[in-house]
Amino acid sequence: MPKHIFVTGGVASALGKGLTASSLGRLLKMRGLRVTMQKLDPYINVDPGTMNPFEHGEVFVTDDGGETDLDLGHYERFIDENLGRNSNATTGSIYQAVLAAERRGDYLGKTVQVIPHITDEIKRRINRLATDDVDVVITEVGGTVGDIEILPFLEAIRQFRKEAGRDNVCYIHVTLVPFIGPAGEQKTKPTQHSVTELRSRGIQPDVIVCRSEEPLSSNLKRKISNLCDVDERAVVNAADARNIYELPLILNDEGLDTIVCEVLRIDAPVDLSPWKALVAKVEAATKPVRIGLIGKYISLPDAYLSVVESLKHAGFHHGAAVEIDWIQAEDVEGLLAAGRLHDLDGMVIPGGFGERGFEGKIAAAGYARENLIPCLGICLGLQAMTVDFARNVLRMTGANSTEMDPTTPYPVIDLMHDQRDISDKGGTQRLGAYYAILEAGSVVHRAYGEPVVSERHRHRYELNASLKAKFDAAGLRCSGVSPDRRLVEFIELTDHPFWVGTQAHPEFKSRPDRPHPLFRELVGAALDVRAARDAAAAVSPADFQPKIAPSHISTPVSAPSQSSSVA
């Protein structure tokens, strides 16, 4: 029977419950245990798919097409397991399931109530991950103790220990020990109040993880132990770390995984050597490289969390410290005039929806193309690169995506025919993992080292494949297509250091010890560009100018039909 660990939080949000749970998952995997993870979110949305990124950060997409909380990205990156839609449950999805059951008559006319019907559904969501090929299920409960909407979840996990058995459940509570500047002291009172609130709901934590800026003294740990009724060894300090990948080692030093294994009656030695090697690699990554991220949600960096982590992973591989230059897409055209993009070593144009900032992304793609700056376009980024090439190389004046301009004379990005009559926007999306066939000898084929790859998608518009021959002839290689040859999945320039676009979201599959091939090659090309620029500037700084890409100017072409389903 699988063991269960429940991670709750108190005092404030964004304390790092997800990273704590992820780090514990990695530590248990290094003990040879089979681990899976889950996030229970108290918000009433059915899933994060319809949320504005400013509300909740990025939407993390799983292989099976689940639109999930960004914490699942942390889970996958740390435990190196592909999770599914069942690893994220929200209040909305739980009530939706209960109401559907009530309408079917599953409750035989009984009054439907929070207890037992909602709590039973929550427990069912937890239990469906407890399969025979899993040793430990780690469940993070979103929100903070004391929130109104969290109460059914706390009641469900309280009941869970009684049903699963005391030795099969461990409760971990993550809380805050703030430093009060004027008093010059760290204060334990927020932790005491948080644990008191949790205990009032019938849950006594087995472990308290204290977040703090600086390490806690043994006296403070002893005080928390006495006032919160936990063993002093079970007061674990997670002080601020230099990087998130150091956290498993910090928590191991504090004894977190040892205490958890004692509570769960698990006897398995830990081998930290692979993770120590990774952390050493992270700390040795010092070569500077500057990557511009051209986004429309840059005021909330969590909107691009997986992109940022993927760039870091690629930097670890190359021994480089990636500096991200956050560039608002709406400001790009003005920044071009000011020379702001001149010093970039590389560029990422990430995904998104809607026309705001799209023209800036097109301008950034064109600048990277003309000035031989390595550029990776992701989803909407590929579409911006395609529009740039159509307008400025193929001279398709007014070329655009029909998402942005339904009346464009050159619909280079368009819906598939079979998507046109679907009124539900979610119904038109390609979600989850899809295969692509890569053209032999292409940049992407060399990067992946495989002829067929699988990547996760989240979009509804496609490159108009009726233009594929024209793009190929002009130098924009459609280097990856769907198995039925109907959809273009990858594009690249044939005479550029690295100008590659993918309709997928490769950032969701990158790992700290195994960077995604496209990010790895982007950062490698950016390092080469920086080295060449530094060498040229050292020879003759005053005369050095960025190279301009060869022109692909051709005669204007006739407008295509609004279709992307031509082979």
Side-chain angles (χ1 to χ4, degrees), residues 5-28 57 70-71 74-75 78 138 140-147 150 170-199 203-260 262-263 272 275-276 279 282-283 301-302 305 309:
I5 299 169
F6 295 102
V7 181
T8 58
V11 184
S13 60
L15 283 183
K17 292 193 307 295
L19 285 171
T20 300
S22 301
S23 298
L24 177 58
R26 166 50 65 175
L27 290 170
L28 295 178
L70 60 81
D71 272 319
H74 286 312
Y75 302 166
F78 274 76
I138 301 176
E140 176 192 351
V141 181
T144 56
V145 172
D147 296 342
I150 204 177
C170 177
Y171 297 117
I172 298 175
H173 191 54
V174 181
T175 186
L176 177 67
V177 178
F179 178 78
I180 306 300
E185 292 180 316
Q186 291 174 314
K187 293 294 185 179
T188 65
K189 194 64 72 178
T191 294
Q192 295 174 46
H193 283 307
S194 183
V195 173
T196 297
E197 178 69 27
L198 184 64
R199 294 171 70 181
I203 297 173
Q204 168 63 46
D206 299 295
V207 182
I208 299 175
V209 176
C210 300
R211 289 284 293 111
S212 62
E213 292 183 26
E214 299 294 334
L216 301 185
S217 67
S218 57
N219 286 337
L220 280 182
K221 285 187 176 183
R222 190 175 304 113
K223 181 178 180 181
I224 292 169
S225 169
N226 290 333
L227 294 172
C228 296
D229 197 23
V230 297
D231 191 286
E232 188 175 337
R233 293 172 59 239
V235 179
V236 172
N237 184 205
D240 289 351
R242 288 169 293 186
N243 65 79
I244 62 173
Y245 299 110
E246 190 181 20
L247 189 55
L249 301 182
I250 293 173
L251 293 176
N252 174 262
D253 286 342
E254 287 284 312
L256 174 62
D257 51 316
T258 300
I259 294 292
V260 168
E262 289 176 5
V263 171
L272 297 175
W275 203 257
K276 286 182 177 179
V279 172
V282 172
E283 293 175 346
D302 273 358
L305 181 60
E309 291 305 311

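Along the sequence shown, residues carry numbers from 1.
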With a 4.5 Å limit on heavy-atom distance, are the side chains of Glu140 and His74 in contact? no
Of all heavy-atom pairs between Cys210 and Asn237, which one has the smallest distance, and what is that distance? O-ND2, 3.0 Å
Minimum side-chain heavy-atom gap Phe78-Ile244 below 4.5 Å: yes
Walk me through it: do Ile172 and Val209 pass the test side chain to side chain contact (heavy atoms under 4.5 Å, CB included)? CA-CA 7 Å; Ile172 298 175; Val209 176; 3.7 Å; yes
Partner set under side-chain contact (heavy atoms from CB on, under 4.5 Å) for Thr196, not counting sequence neighbours: none
Just jot down the salt bridge (charged side-chain N to carboxylate O under 4.0 Å, His left out) partners of Lys276, sequence neighbours excluded, or say none. none
Please check this pair: side chain of Ser225 against backbone of Val230, looking for a donor-acceptor N/O pair closer than 3.5 Å. yes
Check: Asp302 side chain, Leu305 main-chain N or O, donor-acceptor pair, under 3.5 Å: no
Using the test side-chain contact (heavy atoms from CB on, under 4.5 Å), find all partners of Glu197 that sit at least two apart in sequence or belong to another chain. Val145, Ser200, Arg201
Where at least one partner belongs to residues 178-192, residue pairs that pass salt bridge (Lys or Arg N to Asp or Glu O under 4.0 Å), sequence neighbours excluded: Glu185-Lys187
Just verifying a value: how many Å separate Asp253 CG and Glu246 CD, rounded to the nearest 0.5 Å? 9.0 Å
Please tell me if the side chains of Arg199 and Pro205 come closer than 4.5 Å, counting only heavy atoms from C-beta onward. yes
Taking the side chain as every heavy atom from C-beta outward, state whether Val207 and Asp231 have any atom pair closer than 4.5 Å. no
Taking side chain to side chain donor-acceptor pair (under 3.5 Å) as the definition, give me every residue that meets it alongside Asp147, ordered by chain and number, with sequence neighbours left out. Thr144
Which residues pass the salt bridge (charged side-chain N to carboxylate O under 4.0 Å, His left out) test with Lys223, sequence neighbours left out? none
Working for side chain to side chain contact (heavy atoms under 4.5 Å, CB included), residues Val7 and Val174: CA-CA 7 Å; Val7 181; Val174 181; 3.9 Å; yes
Closest approach of Gly184 to Phe179 (non-hydrogen atoms, all atoms of both residues): C-CE1, 3.5 Å
From Gln204 atom CD to Asp229 atom CG, the distance as rounded to the nearest 0.5 Å: 5.0 Å
Who pairs with Glu214 by salt bridge (charged side-chain N to carboxylate O under 4.0 Å, His left out), at least two apart in sequence or on another chain? none
Work out which heavy atom in Val11 is nearest to a heavy atom in Pro190; give both atom names and the distance. CG2-O, 3.5 Å
Between Leu251 and Ala238, what is the shortest heavy-atom contact and its length? CD2-CB, 4.0 Å
Non-neighbouring partners of Arg233 that pass side chain to side chain donor-acceptor pair (under 3.5 Å), sequence neighbours left out: Glu262
Output the distance between atom CD (Glu232) and atom CD1 (Ile208), rounded to the nearest 0.5 Å. 12.0 Å
To the nearest 0.5 Å, how far apart are CG in Leu247 and CD in Glu254? 10.5 Å
By side-chain contact (heavy atoms from CB on, under 4.5 Å), which residues pair with Ala12, not counting sequence neighbours? none
Backbone N or O of Val177 within a donor-acceptor pair of the Glu213 side chain at under 3.5 Å? no
Quick check against the 3.5 Å criterion: does Asp257 have a side-chain atom that pairs as donor or acceptor with the backbone of Leu27? no
Between Thr188 (side chain) and Thr191 (backbone), is there a donor-acceptor pair under 3.5 Å? no
Only counting residues at least two apart or in another chain, list the ones meeting side chain to side chain donor-acceptor pair (under 3.5 Å) with His173. Thr8, Ser194
Please assess Ile259 against Val236 for the test side chain to side chain contact (heavy atoms under 4.5 Å, CB included), listing each intermediate value before the final yes or no. CA-CA 10 Å; Ile259 294 292; Val236 172; 5.5 Å; no
Quick one: side chains of residues 14-21, donor-acceptor pairs under 3.5 Å with protein atoms, not counting sequence neighbours, listed by atom name and distance.
residue, atom, partner, partner atom, Å
Lys17, NZ, Gly143, O, 3.3
Thr20, OG1, Gly16, O, 2.8

Looking at residues at least two apart in the chain, or sitting in another chain, which of them share a salt bridge (charged side-chain N to carboxylate O under 4.0 Å, His left out) with Arg211? Asp240
Minimum side-chain heavy-atom gap Lys221-Ile224 below 4.5 Å: no
Run the side chain to side chain contact (heavy atoms under 4.5 Å, CB included) test on Arg26 and Tyr245 for me, step by step, so that the C-alpha distance in whole Å, both residues' side-chain angles and the decisive distance to 0.1 Å come before the verdict. CA-CA 10 Å; Arg26 166 50 65 175; Tyr245 299 110; over 6 Å; no
